Amino acid sequence: MPILQTLSDTLHGHKNTTDKTLVPASSPTEAKKPVFDHNDVTVIFVLGGPGAGKGTESAALVEEYDFVHLSAGDLLRAEQAREGSQHGKLIAEYIREGLVVPMEVTVKLLENAMRAALSDGHSETNPRPGWHNGKGRFLVDGFPRKMDQALKFDEEVCLSSFVLFFKCPEEVLLQRLLERGKTSGRADDNEESIKKRFKTFVETSMPVVDYYRTQGKVIEIDSTPPPAEVHKAVKTVMDATFAIAKAPLQG
Ligand code: UDP
Ligand code: MG
């Protein structure tokens, strides 16, 4: 089946209701329903190596498609900085070491941020076609980075619709991150942390991409070119996908 048709089925929810391959065999699916119904709430995961352009491209898409952009890394950094947070120290250590913070923390932060955005939703003064009657659309950037997060989010928070995967060679990523490190103020934009992040990406995060690939949910985009060019490629895909899915998303 062509990928866009598959995505259309996914967004319409036709395929997912019957496709058991989307649900791991060992999961207690009967016991738990996700907090948000994927027929109303569209979640697109944005993945790629550190520095691949996830944040930049997500921000550009927000403008044109009325997404809310949630960066897992930004949510973690905000939680780390929040006065009175129980997790601040742990998050700081994991980020510096380029490791994936225990999933409960990140999944909860995402769930809370989604709930807040959905309750803002659509209003008379701020009419948003994709956001009325409990509907919403999210770009979740830099998540899931580990299989346990992917399974937990899909089962307990919201079944994801598809994955935008930005592919870029490591030497390009390294140059970008070192450049960004001059001004980002991020504790992990230094050569030592970057090497650790690459290792985590290859060993822990790529299996997540491969898992979604087996489900036909991955759209891969080369993010080596400059941002505007990558944006054009992403837009082509999004226009096709959201044109197909227009009716249920707005309905
Ligand atoms: N992180 C995590 N879990 C997540 C997302 C991020 O533990 O689901 C941590 C991890 O240590 C990662 C860091 O946050 O290396 C920075 O993530 P971010 O997405 O900001 O980095 P980027 O990939 O955009 O460079
Ligand atoms: Mg980022």
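We're numbering straight along the sequence, starting at 1. All of these numbers come straight from a predicted model, not from anything done at the bench. Values reported hereafter were calculated over all heavy atoms of this structure, with side chains retained and with hydrogens, waters and symmetry mates removed. Each ligand, and each atom within it, is numbered from 1 in the order the structure gives.
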(message) Is the distance between the ring centroids of F153 and F143 under 6.0 Å?
(response)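 Centroid separation for F143 and F153: below 6.0 Å.
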Under a 4.0 Å threshold between the charged nitrogen and the carboxylate oxygen, would [Y] count as salt-bridged to [X]?
X	Y	answer
R197	D189	yes
D222	K167	no
E155	K152	no

(request) Go through the side-chain N and O atoms of E104 and H87 and say whether any donor and acceptor fall under 3.5 Å apart. (result)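 No, H87 and E104 have no side-chain donor paired with an acceptor closer than 3.5 Å.
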(request) State, without any angle test, whether Y94 and D188 hold a side-chain donor-acceptor pair at a distance under 3.5 Å. (result)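 No donor-acceptor contact under 3.5 Å links the two side chains.
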(request) Using heavy atoms and a cut-off under 4.0 Å, could you grab the residues that are in contact with ligand 1, chain by chain, numbers ascending? (result)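 Only P50, G51, K54, A72, G73, L76, R77, Y94, I95, L99, V100, V101, T106, G142, F143, R145, Q149, R180, R186, D188, R197 have heavy atoms that fall under 4.0 Å of ligand 1, ordered by chain and number.
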